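The structure appears below as structure tokens.
Reminder, nothing fancy here: chain letters follow the sequence lines and each chain counts from 1. Here the structure is a predicted model, which means the values were calculated and not measured.
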Amino acid sequence: MLENFASLLMGFQVVFDPQNIGACALGAILGLIVGAMPGLGSLAGVALLLPLTYKFNPTTAIIMLGALYYSNMYGGAFSAILLNIPGDSPAITTALDGYPMAKKGRPGQALMAANTASFIGGTIGILILTCTASGLAKLGLNFGYAEMTLVLLIAMTSISWLIGENPTKGVVITLLGILVASIGMDTLSGVPRYNFGSIYLMGGITFTPFIIGAVGFAQVIKLINEREADEEKRKSGTYEAVKLSIRGSMLTLHDFKRILPPVLRSSILGTFVGVLPGSGATTGSMVGYAMQKKFKSEEPMGTGAIEGIAASEAGNNSAAAGAFAPLLALGIPGSGTGAVLLGGLMMWGLNPGPLLFETNPDFCWSLISSLYIANVFTLAVAVLVIPFLIKILSVPIKYMIPIITCVCIVGAYSTSYSMYGVLVMFFSGIVGYLLDKNGFPTAPMLLAFVLAPMLEENMRKAFIASQGSLGIFTDSALKLVLLAIFLVLVLTPSVKALLRKTKHTEKTAV
Amino acid sequence: MKKLLALALALTAVLSLTACGGSGSDIAEDGTFTPTKTVTWVCTSGAGGGSDIFTRKISDIMSAEGLVNGQTIVVSNETDGAGEVGRNKIATLKMNPDYNLLTFNSGDLMPMVTNTQNRSSNFRILAIMAVDKQLLFSCGSTAGKTDYAKAGGDLTDFGAAVEAAKNGTHIVVGGSKGDDIATYDALLEELGLTEEQMSYITYDSTGDAITAALGGNLDFVMSKPAAASQYVESGDLTPVLALSTEHFGGNLADAPTLSEIGDYADVEVPVWRGVAAPAAMSDAAVAFWTEALQKVSETEAWETEYLEPNQLISQYMNSADATAYVSAFEADYLAANGLS
């Protein structure tokens, strides 16, 4: 471990080269911008900038891309909190509490909580990465399909907390999410499903436009309804513009005490989720948020609880750091963005793989140390922009409608550079609005849409390996523990209800 | 109303301008073609993957060597409909057909002919640039979680695994989608095994499959040399079978071919990387592009920056040869899968 810190110091020396510091700062700022724009997630950002970096030396290039990837995770929260449009998929859970909190008149604190949680989560993730990089990656490898299936089942239980007052509606909407997710190519056999003869549907419903539509464009339609009321309010002079300075956005000591425990829990959990092959920041934030549901929050989760924002953002950023462990130690990309970075490594003439730490230690360690620097840079920039961001909230609704619509269209278009994404966005926006209007919560649909394909893939792979036997889920201690957690989560409510009932009957019998 | 009228007028003006820009010939009187506009190159895979690197490398070399008359080549990653939308668009393109190229690999052709009515005859095939082949690897050192590993089977001996499969021990092979599956099917047929005896698990990429193998979830993993090379170097993977009619070089030289393992014929399904164009592309433009691609294949940059790092076999075929080769490949594939 001491050896690791010595190497880290060497890495810092490389990073403090003015050229590298510049690259790091540029990456951090670009990442924040790309992350804040809905639709342009880290994947698109890294992919777009990759060709620019071919002329750099590899270390400078990876420092810039690393910083970009990293600061992206901050940016996603901005539009989620202020506009209820998640900038990228890990920010879905941030929007659940972030937007209500902004509506309650504390947008500055919501943003600050997101930034603080991101910073702490990131720092813990990078620290764990520094100490255990290669060991951690090997641990992740031990998660086979059966283990991943169980982890995903546990993550799926989080949907039940988002279902809301009407369980039937919640179940219907969850199933709808699963159904929509199953459109497209069957990942194992390559056979098209539910494409109704359309070559567009063969690739499935694209993830980002679907989310931008269901959340963002649905929001626009809602705003259209509120427009008149907003105009009235402005005319009659009862409207109070939101004015906030950085000072006014500061968290109170009480706020900080509220977010600290969820941040710490989410950070550690998130790092490990990030290390698992094929998961990444989205799973990190969802698992973090789901876990927070099990702990006490001062306000109920989903109504603007600062704990929810903290749990989601810390999970997201620590998972992003964790995802570097398999990438550097084994040459395995933990996410789509990781895959693009891996492609970059090859273009720069490096051979990613198990030997990278040995053959190019300066490269690996400068990347890790650049993450520390990028984290500090991004925090500074993110805090400084808060007063400007808050201004968005006082823009009259009649201007917001066309602006958000444009942002939605650009975001949906830029995922695959085609109008198909835009169509998906409009359609899911209208459906999302109608569902919301009729009391169907959309969050369970989105979570099911993200998690169901991963669950299906892992479960089917497990069954191929075991030739259909269920035994594969119970043949090791780790699996039994995961299975037990799952069963406890699923059965607790029914057992509780049963106990209450017996108590009740006992009482009436007496 | 006035605003609406102005908008309509502006729209009409813009539309008619773009429509006019579409025509115009760049074919000289002697029948040769020289590009005078920006070239669009469609790649139906995402940025950063193998096809994307192939596409960008060629376009970089073309620009650097001055093969495109100083015009820009824009690479467009069109992944809608698992790539079918982009392929269909190029096949049927009527606007500026001389300025549109498509990266077209065997891994693109197989799902295309399986899932759509689009066929290679709907394109002009410009060239084949390189050919790749696969090997099977095992990760013998780790504690395997598969039936075969638990039964104490020798993972470094593929022949023993085949015998075990015939005697009822379940063998699990993993690999990428597309071309790897075709090679697995060919292997299975030659060995006379069923999918129940030797199953195949499809991964999104070879990298994912290797991850699973390193975690002990697979008995064997199929990969092309490039993706597996580092792991062979570090001792994490051992090559156990060359899916080729001859041995590979370098650190893969030890892997035997199928005919050396038992009484079988060698299995080889070459994976090719090529370039296609719209059916409407003029003959002059086809001649220009096939020649430009030949020049790329002769540069040193192509050799040292693309073929060598990816351990590919250089195999340039001009338009006529490539068309014949792809048609034969497609006919074989259709026949083998009972398609028409």
For [X], does the [atom1] atom sit with more than 12 other heavy atoms under 6.0 Å from it, leaving out its own atoms?
| X | atom1 | result |
| --- | --- | --- |
| B:Lys166 | NZ | yes |
| B:Glu195 | CD | no |
| B:Tyr333 | OH | yes |

Any side-chain heavy-atom pair from [X] and [Y] closer than 4.5 angstrom?
| X | Y | result |
| --- | --- | --- |
| B:Ile201 | A:Arg460 | no |
| A:Met185 | B:Asn115 | yes |
| B:Asn217 | A:Tyr145 | yes |
| B:Thr116 | A:Met202 | yes |

message = Below 4.5 Å, heavy-atom pairs only: which of B:Val75, B:Val172, B:Leu218, B:Val85 has the largest tally toward chain A?
response =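 That would be B:Val85.
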
Please flag which part of [X] lies under 4.5 Å from any non-hydrogen atom of chain A: side chain, backbone, both or neither.
| X | value |
| --- | --- |
| B:Lys89 | neither |
| B:Tyr306 | neither |
| B:Asp219 | neither |

ask   = Between the side chain of B:Glu84 and the main-chain N/O of A:Tyr200, is any donor-acceptor distance below 3.5 Å?
value =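 Side chain of B:Glu84 to backbone of A:Tyr200, a donor-acceptor pair under 3.5 Å: no, none is there.
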
key: Per-residue contact mode, A:Asp475 against chain B (heavy atom under 4.5 angstrom)   =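 It is the side chain, since no backbone atom gets that close.
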
request  = Would you mind checking which part of A:Leu201 comes under 4.5 Å of any heavy atom in chain B, side chain (CB onward), backbone (N, CA, C, O), both or neither?
outcome  =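 A:Leu201 has no heavy atom closer than 4.5 Å to chain B.
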
message = Measuring from atom OG of A:Ser418 to atom CG of B:Asn77, what distance do you get when rounded to the nearest 0.5 angstrom?
response =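 Between atom OG of A:Ser418 and atom CG of B:Asn77 there are 12.0 Å.
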
